[in-house]
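A quick write-up on the structure given underneath.
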Protein chains: 2
Amino acid sequence: MTDRAPRPLTLRDVSAASGVSEMTVSRVLRNRGDVSEATRAKVLEAAKTLGYVPNQIAGSLASQQVNLVAVIIPSLGNMVFPEVLTGINQVLEDTPLQPVFGVTDYMRDKEERVLYEILSWRPSGVIIAGLEHSDATRAMLKNAAIPVVEIMDTDGNPVDNMVGISHRAAGQQMARAILKQGYSRIGFMGTSMPRDHRARKRFEGLTEVLAKAGIEIEARDFYSGGSALAKGREMTKAMLDANPDLDFLYYSNDMIGAGGLLYLFEQGVDIPGQIGLAGFNGVELLDGLPRRLATMDACRLDIGRAAANIILERLGGSTEPQHITLSPKISYGDTLRRQRRP
Amino acid sequence: MTDRAPRPLTLRDVSAASGVSEMTVSRVLRNRGDVSEATRAKVLEAAKTLGYVPNQIAGSLASQQVNLVAVIIPSLGNMVFPEVLTGINQVLEDTPLQPVFGVTDYMRDKEERVLYEILSWRPSGVIIAGLEHSDATRAMLKNAAIPVVEIMDTDGNPVDNMVGISHRAAGQQMARAILKQGYSRIGFMGTSMPRDHRARKRFEGLTEVLAKAGIEIEARDFYSGGSALAKGREMTKAMLDANPDLDFLYYSNDMIGAGGLLYLFEQGVDIPGQIGLAGFNGVELLDGLPRRLATMDACRLDIGRAAANIILERLGGSTEPQHITLSPKISYGDTLRRQRRP
DNA sequence: TTGAAAGCGCTAACAT
DNA sequence: ATGTTAGCGCTTTCAA
């Protein structure tokens, strides 16, 4: 094993090794400006044999350009945000931009700290989940003088750009579908995350439409921690034991919905005849359950891609803030479309 | 809405606003050196009202210290790596260090590119998945002269530190458990990822031990893409249709195992009497299935935490490379321990 | 306890 | 096509 380099190599080293000025070395390494093929080859050769890696810190300071895009998300704990990140990655892959992630754990003050830290790297853009932020956070976003995209949710006023779905509309849409299928005694189960504004908005959208039809949620329950699948099972059992007349269960995510589905399936309950079910997110995973759970796609990959594209366009000179609302479709699966009764 | 700042604020601005030298402002903002309470207050006040955010680019260049830890992983497509990231995050949270992620999609050349890009930020340490890298990648890791931790896998020679489990041993251990329970006609299903060295090593460990007992895998099948749960179902059906005498199915991950389990459960197959099953990863999700699938914990969170701690220790002065092998335990669940036959 | 000077490694701008 | 100069915004080092 070779010894570790005591001091990282600099342009000066490559310059010395190749007999070319630092400036020209820099030009070669960045493919900028006219450089003769001969010197070009010399420089590349020297850089490679030395194992030179450019110092972006110095480069960014000098050029006043930082090829970083800050991405701030609440959690890595389910597949939702990793998928968004994948979308962002896909788009940025072919550009000089690199994503840098920060995780807030759904906490406003942590969001503030993370944003502050990440802004201190002077990124070229920010992608941040949600529209609800502290005043300080909004102020930082505005003062940063860089493109900002707020993602996931479009029910609110963005600082700059936004792309997502309307979770309120999603809840409403689901309520209409439920009513149309003739269900009327409805239970709700979700995570107890007071900070999850999107789940809250879906719930509000649901209850709004139901209320207009004179219907109220008859039971609700919340959980936190543990295996979502197991929780879905337990909560479903408990809710139906306590409210045997329910004919529809709306879950705030597909995993607990899947748990409920498995439980009811094992009990031999007629789905969707006696009880209908729906979740949210459109996780690919569901395609292996005994029944396909009704759900709604949260457009995670598309949101990530769109957000990254907005950043690129804004950096490319476009100046109009973009507000993109994607339209998730209900996927009825096998648990929402009631058999027609004779 | 206020206008956007045309030029980001600098220390100079805070200095001017507070009537204190740049140097002292810098000291206050970093809590370094002795500063009188009076000036301290003045500076903080000025910084806050201006909305000053320090420039780490400049700071890092001047101090030759970059509080970044590079984290290079193959994928965000399942929960394995997000969980590792969570572990890393947890540990780094209370330190000045920030993780920066890069994704390789299980491709060596992409790993090389990503590492090069990320090293150009001069991070203080690198955490990278796996032990199999291109020569260029290994050379960069060595030359970087920073602590490197290779994670997940300990079957091989690390550049510097490593922490993970032996996937070969995991496969062996599972083989022994399978044999001990009296199974002998074994099928294997996994992802067709030639680059997933860890899955390969588990498979090799399995076949080694079986071979010593004079047993060969009787059927194997691989998939790529699509819903793992659905694939598990399909593949299981196909494999058993073609090989009805199999009495054990080993899956390279829990999701396809869960699919197989659901299928067999619906078919009324006696599990684990007629057929035993096992997966790998120990995903929490499994706790809601009709039977608990046998599996092995991949220690993802622990690996992330240990890796981050190693980085901290090495940066703190410790100089001994650490090689940590965690020991996953088989979780027998309900699908591996055969009922005793009378 | 505070300030002044020098320089981190690179690139923009201007020579040649 | 190549080189020179100045300076990015901060911190280290030294002086007061």
Side-chain angles (χ1 to χ4, degrees), chain A residues 5-44 46-47 50 52-68 96 117 119-124 144-145, chain B residues 5-44 46-47 50 52-68 96 117 119-124 144-145:
Chain A
R7 169 184 65 77
L9 297 164
T10 69
L11 263 192
R12 173 177 239 98
D13 297 307
V14 183
S15 169
S18 62
V20 176
S21 78
E22 286 187 40
M23 194 56 231
T24 301
V25 172
S26 168
R27 279 194 268 255
V28 171
L29 264 23
R30 288 176 297 140
N31 287 309
R32 203 87 33 146
D34 291 321
V35 181
S36 78
E37 202 36 64
T39 44
R40 184 185 168 65
K42 255 194 300 189
V43 169
L44 256 20
L50 289 178
Y52 172 69
V53 177
N55 185 333
Q56 295 233 42
I57 303 270
S60 295
L61 183 61
S63 66
Q64 302 282 78
Q65 285 212 24
V66 182
N67 292 326
L68 254 27
E117 295 242 310
L119 281 182
S120 70
W121 287 100
R122 298 287 187 269
S124 292
Chain B
R7 169 185 66 77
L9 297 164
T10 70
L11 264 191
R12 173 178 238 99
D13 298 307
V14 183
S15 169
S18 61
V20 175
S21 78
E22 286 186 41
M23 194 54 236
T24 301
V25 172
S26 169
R27 279 195 267 256
V28 171
L29 264 23
R30 287 176 301 140
N31 288 311
R32 204 83 35 136
D34 292 321
V35 180
S36 76
E37 202 39 62
T39 45
R40 184 185 166 65
K42 255 193 301 189
V43 169
L44 255 20
L50 289 178
Y52 173 69
V53 177
N55 185 334
Q56 294 235 42
I57 303 272
S60 295
L61 183 62
S63 65
Q64 302 284 75
Q65 284 212 19
V66 183
N67 292 325
L68 253 27
E117 295 240 312
L119 282 182
S120 70
W121 287 101
R122 298 287 187 267
S124 292

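Naming convention: chains lettered A, B, ... in sequence-line order (proteins, then strands); numbering from 1 in each chain.
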Kindly point out which of C:dC10, D:dC10, D:dG3 is positioned nearest to the side chain of A:Thr10? C:dC10

Here the distance between atom P of C:dC8 and atom CH2 of B:Trp121, to the nearest Å, is 20 Å

Over how many whole Å does the gap from B:Arg30 atom CZ to D:dC10 atom C1' extend? 8 Å

Between D:dA1, D:dT4, D:dT12, which nucleotide gets closest to the side-chain atoms of A:Ser21? D:dT4

With respect to the side chain of B:Met23, which nucleotide from C:dT11, C:dG3, D:dC10 is positioned closest? C:dG3

Rounded to the Å, how far apart are B:Gln65 CD and D:dC10 C1'? 13 Å

Would you say that B:Trp121 contacts B:Ile57 through its side chain, given a criterion of any heavy-atom pair below 4.5 Å between the two side chains? yes

May I have the distance from B:Asn31 (atom CG) to D:dT11 (atom P), rounded to whole angstrom? 12 Å

d(CZ, A:Arg12; C1', C:dC10) in whole Å: 12 Å

Using whole Å, what does the distance between atom P of nucleotide D:dT13 and atom CD of B:Gln64 come to? 11 Å

Determine whether the side chains of A:Ser15 and A:Glu22 contain a donor N or O and an acceptor N or O closer than 3.5 Å. no

Rounded to whole Å, please give me the gap between CZ in A:Arg122 and P in D:dC8. 14 Å

Whole angstrom is fine here: how far is it from CG in A:Leu11 over to P in D:dT4? 15 Å

Does the side chain of A:Ser26 get closer than 4.0 angstrom to OP1 or OP2 of C:dT11 through an N or O atom? yes

With respect to the phosphate group of D:dG9, does any side-chain polar atom (N or O) of B:Tyr52 fall under 4.0 Å of OP1 or OP2? no

Starting the side chain at C-beta, find the nucleotide from D:dG9, C:dC10, D:dT2 nearest to A:Thr39. D:dT2

Please tell me which of A:Pro54 and B:Val35 maps to the more 5' nucleotide of DNA chain C, matching each residue to the nucleotide holding its nearest heavy atom. B:Val35

Could you check B:Ser36 against B:Ala62 and say which one's nearest nucleotide on DNA chain C is further toward the 5' end? B:Ser36

Verify side-chain contact (heavy atoms from CB on, under 4.5 Å) between B:Asp13 and B:Arg7, making sure each step is shown before the conclusion. CA-CA 11 Å; B:Asp13 298 307; B:Arg7 169 185 66 77; 3.3 Å; yes

Report which part of the nucleic acid B:Arg27 touches: base, sugar-phosphate, or nothing (heavy-atom distance under 4.0 Å, all strands). base

So what does B:Asn55 hit on the nucleic acid, given a heavy-atom distance under 4.0 Å: a base, only sugar-phosphate, or nothing? sugar-phosphate

Answer yes or no: does atom CZ of A:Arg12 have more than 12 heavy-atom neighbours from other residues, nucleotides or ligands under 6.0 Å? no

Contact check, side chains of B:Asn31 and B:Arg40, non-hydrogen atoms, under 4.5 Å: yes

Answer with base, sugar-phosphate or nothing: what part of the nucleic acid does A:Ser60 contact at a heavy-atom distance below 4.0 Å? nothing

